[in-house]
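All of these numbers come straight from a predicted model, not from anything done at the bench. Residue numbering restarts at 1 for every chain, and letters A, B, ... go by the order of the sequence lines.
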Amino acid sequence: TDPLVSHGRHFGRAIDAFCKPFPLIKEGVARARSSICSCDHKGGSLPSKREHRVFQELLKLSPGLDNRVLKASEQELHYIADMFRKGAAASRGDDTKSLKSVIIDWITPPGGSLVPPLSRNIKTDRGYYHYTTGRLLCPVVLDWEDEEVRKSLRSGEIVVSGNDWHSFLYVGYKLNPEKPWEGFLRSDLLLSAFKHVFTSPSSVERDVRATRSGNAELHGMQSVTVGSLAYIATMVVRFALSSNSVFTRNDKATASEIFYRDIVNFLEKETEKKEVEALLGWWNSFVYLLFSFSHQPLTTSQANFPSLSCRV
DNA sequence: ACGCAGTGGAACGGTCGTAA
DNA sequence: TTACGACCGTTCCACTGCGT
């Protein structure tokens with residue numbers, strides 16, 4: 001298969017999970033072409049800064065792609081975009097599939113069991129219907145111990161959206177109202193899911209049994225990105241923990257895409273810059289430890305890739 | 001509002017390469 | 001030989017747009 005599909009897999013996981021590749025590429029190419037011929041026309045809608053950056057990141061994933069898209073016909077642009085779309089969809093499918101069952105292990109208390117038990121491959125009794133998944137999904141500003149809260153969440157009387165971040169995003173599942181950044185996006189559950197997807201499923205446990213390179217290594221991932229954090233959070237909250245049996249990007253009950261965008265937008269706010277740098281540094285140091293412990297000797301094909309620990 | 005067809009996307013069974 | 005983990009192919013489902 002076309003290596004673009006593989007690049008698309010990483011694009012979805014680490015850069016932008018939900019964008020439509022064709023408009024992104026087409027508009028990016030149009031901007032590049034117009035600046036090359038120095039026509040300097042300001043036609044069309046002004047792209048957001050982010051949109052332009054995502055386009056640049058996409059080009060970086062595939063060697064020579066920048067020149068290729070500049071010369072490409074409309075038809076070829078469609079083809080390239082379709083390969084990226086396919087890859088992103090495939091990786092999402094694989095991740096939902098594997099996280100769905102393994103998350104049961106992570107939320108089961110060590111040495112204990114879930115009451116009532118949850119099936120590894122059936123999701124209907126997850127979400128707010130189960131005490132454990134409900135506690136993790138409950139907005140951190142609400143008190144899950146309050147029976148009225150539980151009732152309202154189950155009946156849909158309380159609709160969770162926007163910046164009502166879920167408890168599982170926080171260390172200890174608790175918010176410190178004085179310091180809202182404390183423990184935010186640093187929970188064990190997120191860390192496990194991140195390792196599962198980006199280093200290897202077995203790297204979540206102590207003894208790494210991987211026989212192949214993980215996704216981060218395969219794609220030369222240099223550091224934890226905002227996109228990858230949002231992706232992991234979305235996969236966990238909106239799919240693995242929820243009671244929806246189907247992952248949909250814009251259905252009202254899960255609203256995965258909205259959740260993802262909320263996280264990304266928040267982390268890219270100028271006002272949060274300092275905290276976000278600290279957050280990414282924290283993640284990078286964790287992943288660095290993990291990566292160096294699990295490291296297999298590099299093969300020649302892998303030796304060209306920078307190690308995951310390059311930055312921060 | 002309804003039926004219809006086309007399309008994209010998610011689930012899942014399976015394959016294949018790798019390393020112990 | 002076996003376990004592991006990335007990736008692929010098939011099938012099914014939900015959404016969209018169109019005509020009536």
Side-chain angles (χ1 to χ4, degrees), chain A residues 1-14 16-25 61-62 77-106 119-124 126-127 192-221 228 231-232 234-260 287 290-291 293-303 305 308:
Chain A
T1 52
D2 197 313
L4 285 176
V5 176
S6 172
H7 300 138
R9 296 179 75 93
H10 191 62
F11 176 75
R13 281 179 173 134
D16 196 311
F18 292 107
C19 83
K20 305 259 181 219
F22 183 69
L24 179 83
I25 294 175
L61 288 176
S62 192
L77 287 185
H78 267 293
Y79 172 80
I80 293 168
D82 204 46
M83 293 299 106
F84 270 85
R85 189 193 51 74
K86 261 190 184 168
S91 60
R92 204 160 54 228
D94 288 342
D95 294 340
T96 52
K97 176 189 166 186
S98 60
L99 283 173
K100 171 173 154 182
S101 78
V102 82
I103 199 161
I104 297 297
D105 300 333
W106 303 336
S119 164
R120 295 177 73 85
N121 49 8
I122 300 170
K123 301 187 57 244
T124 44
R126 300 187 193 179
S192 297
F194 189 94
K195 290 177 190 172
H196 183 89
V197 169
F198 285 101
T199 48
S200 77
S202 69
S203 67
V204 178
E205 303 151 37
R206 272 269 168 88
D207 54 328
V208 179
R209 286 160 295 163
T211 56
R212 305 189 56 174
S213 310
N215 284 319
E217 198 175 347
L218 278 176
H219 298 282
M221 189 177 183
S228 58
Y231 177 76
I232 292 299
T234 307
M235 295 306 270
V236 170
V237 71
R238 294 292 173 170
F239 186 71
L241 289 178
S242 88
S243 55
N244 289 58
S245 52
V246 175
F247 177 94
T248 45
R249 63 166 64 195
N250 53 11
D251 121 358
K252 283 199 185 76
T254 50
S256 320
E257 189 170 356
I258 297 171
F259 178 78
Y260 180 87
V287 177
L290 173 84
F291 200 64
F293 284 145
S294 69
H295 216 289
Q296 311 280 334
L298 284 179
T299 65
T300 32
S301 66
Q302 292 162 345
F305 288 128
L308 194 56

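- For B:dC12, one of the phosphate oxygens OP1 or OP2 lies less than 4.0 angstrom from a side-chain nitrogen or oxygen of A:Lys100.
- Note: CE (A:Met235) to C1' (B:dA11) measures 12 Å, nearest angstrom.
- Under the side chain to side chain donor-acceptor pair (under 3.5 Å) rule, A:Arg9 has a single partner from A:Asn215, A:Asp94, A:Asp95, which is A:Asp94.
- Rounded to whole Å, atom P of B:dA10 lies 8 Å from atom CZ of A:Phe18.
- As rounded to whole Å, 11 Å separates atom P of B:dA11 from atom CG of A:Leu99.
- A:Lys86 places its NZ atom 12 Å from the P atom of B:dG9, with the value rounded to the nearest Å.
- Contact annotation: A:Arg85 side-chain N/O to B:dG8 OP1/OP2 distance is not under 4.0 Å.
- Comparing C:dC7, C:dC4, C:dC8 by their nearest atom to the side chain of A:Ser202 picks out C:dC4.
- When atom types are taken as modelled, the side chain of A:Tyr260 and the backbone of A:Ala17 share a donor-acceptor pair closer than 3.5 angstrom.
- Minimum atom distance to the side chain of A:Leu218 is reached by C:dC7, of the listed C:dC8, B:dA11, C:dC7.
- Atoms CG (A:Asp94) and C1' (B:dA11) sit 10 Å apart, rounded to a whole Å.
- You'll find the side chain of A:Phe84 stays beyond 4.5 Å of the side chain of A:Leu24, heavy atoms only.
- A 4.5 Å side-chain heavy-atom check between A:Val197 and A:Met235 finds every atom pair outside the cut-off.
- Nearest to the side-chain atoms of A:Val5 among the listed nucleotides C:dG5, C:dC8, C:dC7 stands C:dC8.
- Computed from coordinates, the A:Lys20 NZ to B:dT7 P distance equals 15 Å when rounded to whole Å.
- For A:Ser98 and C:dG5, the shortest distance from a side-chain N or O to OP1 or OP2 is not below 4.0 Å.
- Here the P atom of nucleotide C:dA6 and the NE2 atom of A:His196 are 8 Å apart, to the nearest Å.
- Atom CZ in A:Arg92 sits about 18 Å away from atom P in C:dA6, given to the nearest Å.
- At least one side-chain nitrogen or oxygen of A:Arg9 sits closer than 4.0 Å to the OP1 or OP2 atom of C:dC7.
- Comment: A:Arg85 engages A:Asp82 in a salt bridge, judged by a side-chain N to carboxylate O separation of less than 4.0 angstrom.
- Backbone-only engagement by A:Asn215 is indicated by non-hydrogen atom pairs under 4.0 Å involving sugar-phosphate atoms exclusively.
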